[in-house]
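By convention in this document, chain letters (A, B, ...) are assigned in the order of the sequence lines, proteins followed by strands, and residues within each chain are numbered from 1. It should be emphasised that the depicted structure is a prediction, and the values quoted were computed from it without experimental measurement. Excluded from the calculations below are hydrogen atoms, water molecules and symmetry mates; all remaining heavy atoms, backbone and side chain alike, are included.
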Number of protein chains: 2
Amino acid sequence: MHRNPDPRGTCAHEETHGRPVDGDAVESRARAYAVSKGVPFTPMRQSVLALLAASGKPMSAYEIAEKVSDARKLKAVQVYRALEFLQEAGCVHRLASRSAYFACDHLHGERETAVFMVCAQCGAVQEAASELVARGLRGAAKTTGFRPRHPMIEVEGECAECAGTPER
Amino acid sequence: MHRNPDPRGTCAHEETHGRPVDGDAVESRARAYAVSKGVPFTPMRQSVLALLAASGKPMSAYEIAEKVSDARKLKAVQVYRALEFLQEAGCVHRLASRSAYFACDHLHGERETAVFMVCAQCGAVQEAASELVARGLRGAAKTTGFRPRHPMIEVEGECAECAGTPER
DNA sequence: TATTGTACTGTTACAACATTACACCCTTGA
DNA sequence: TCAAGGGTGTAATGTTGTAACAGTACAATA
């Protein structure tokens, strides 16, 4: 997991990568979810989401704790709690391959298969929803009786910008 | 990561799951790789691979360290070293979604896309190579200029046996 | 107003996963 | 003989994630 001391943001294009997602849209979704659950959309949740949306790149919980610009210094456990809510709300996803979290302004249906393409160099995440992949998955599953649950897959690779940059 | 204290082997079908992979085949591959690299296929590497092949299920490095039946008690770091070699050799894969490692007797070509279906209940892994998924991935990648590197994707779900078992 | 219930916050402690660093021991080959 | 390269053993540490518990805020209700 630590093959690269900081797998996020080590690329020459660091500044141009990680295009911010639509912070307002994503926050509205979170607020709507909070209302639907009858729980508050607290400043803590708002700060974490805003940071992730603005950065537009995956960040570890500890990185988030450091960077949330707030007088107080957050503990990781507090960040995890906010992330739990935001993941339930569908505004944030966890990248298992990097143990990192990122904001996402797409709405993923139950039947959809989201493909997250993670750049191994700069850590930027691009998203796609491929019907072909979804069908392939269903086909592969059918032959074994397997029932896919979380239609979210991660693919490592190299983004267009980093591919054009031989060495950073 | 610790949502389930032992995500591997908590299913009623524990004994029948995790069919062993072909230990001999997988060991030959490891030996061939060792020869090609001019490094030895040591007893340490052999034990770890044999355990994984026999169990046929993903195991954490610490679990491997405990279970390697050897006079000595292995430290995690020793297991990680063996796993590193075995992954390079293509005999063992890491399941990012579970931080676990498993032996695999398939040979994955550079262009192939391996799909690993992981049962959320019993932890068993089933494998498929879907051309449809591969094409879908290439298509999704093409639109963004992304270049997939590690054609290995993980899907969580429920295996046929566990699906037939409402509660364990 | 007082009480109660619910959910968030802050803090400590710890469990699980993974790497770094270093000393030592082999084997191979000059 | 001895230097080089790689494997092993060991300790220490870093990173990621949870559990448990006390305190706080706020709304609903008596």
Salt bridge (Lys or Arg N to Asp or Glu O under 4.0 Å) involving A/K75 - partner list, sequence neighbours excluded: none

Residue pairs involving residues 31-58 of chain B (criterion ring-ring contact (aromatic ring centres under 6.0 Å, His included); sequence neighbours excluded): B/Y33-B/F85

What is the distance, rounded to the nearest whole Å, between atom CG of B/L86 and atom P of D/dG7? 12 Å

Atom pair distance, as rounded to whole Å: CZ in B/R98 and C1' in D/dG17: 16 Å

Do the side-chain N or O atoms of A/Q78 get closer than 4.0 angstrom to the phosphate oxygens (OP1, OP2) of C/dT9? no

Expected rows: protein N/O vs nucleotides 2-4 of chain D N/O, under 3.5 Å:
none

How would you list, by chain and number, every residue that makes a side chain to side chain contact (heavy atoms under 4.5 Å, CB included) with A/A25, sequence neighbours excluded? A/D22

Whole angstroms only, please: what is the CZ-P distance between B/F85 and D/dT8? 10 Å

Who pairs with B/A82 by side chain to side chain contact (heavy atoms under 4.5 Å, CB included), at least two apart in sequence or on another chain? B/M44, B/R45, B/V48

Do A/Y62 and A/L52 belong together in a cluster built from hydrophobic side chains that touch within less than 4.5 Å? yes

Under the side-chain hydrogen bond (donor to acceptor under 3.5 Å, both in side chains) rule, collect the residues that match up with A/R29, sequence neighbours excluded. none

Among D/dT16, C/dT20, C/dC17, the one nearest B/V77 by side-chain distance: C/dT20

Under 3.5 Å, which N/O atoms of the protein pair with N/O atoms of nucleotides 22-30 of chain C?
none

Should A/Y80 be listed as having a side-chain N or O under 4.0 Å from OP1 or OP2 of C/dT9? no

Without decimals, in angstroms, what is the distance between A/Y33 OH and C/dA7 P? 12 Å

Rest of the hydrophobic cluster containing B/V115 (Ile/Leu/Val/Met/Phe/Trp/Tyr, side-chain heavy atoms under 4.5 Å)? A/V115, A/M117, A/V133, A/L137, A/F146, A/I153, A/V155, B/M117, B/V133, B/L137, B/F146, B/I153, B/V155

Which residues in residues 36-46 of chain B have at least one heavy atom lying under 4.0 Å from any atom of DNA chain D? B/V39, B/P40, B/T42, B/M44, B/R45

Could you list the residues that satisfy ring-ring contact (aromatic ring centres under 6.0 Å, His included) with A/F102, not counting sequence neighbours? A/H93, A/F116

For B/E84 and C/dA18, give me the distance from atom CD to atom C1', rounded to whole Å. 12 Å

B/E84 atom CD: more than 12 heavy-atom contacts under 6.0 Å: no

Residues two or more places apart in sequence or in another chain: which of them pass side chain to side chain contact (heavy atoms under 4.5 Å, CB included) with B/K142? none

Ignoring backbone atoms, establish whether A/S99 has a side-chain N or O less than 4.0 Å from OP1 or OP2 of D/dG17. yes

Please give, in whole Å, the distance from C/dA16 P to B/M59 CE? 15 Å

Any residue meeting side chain to side chain contact (heavy atoms under 4.5 Å, CB included) with B/E66, in chain and number order, not counting sequence neighbours: B/K73

Does A/R94 place a side-chain N or O at less than 4.0 Å from the phosphate oxygens OP1/OP2 of D/dT16? no

Looking only at C/dA18, D/dA11, C/dT12, the nucleotide nearest the B/K75 side chain is D/dA11

Look at the side chain of B/Y62 and the base of C/dA18, then say whether one donor and one acceptor between them are separated by less than 3.5 Å. yes

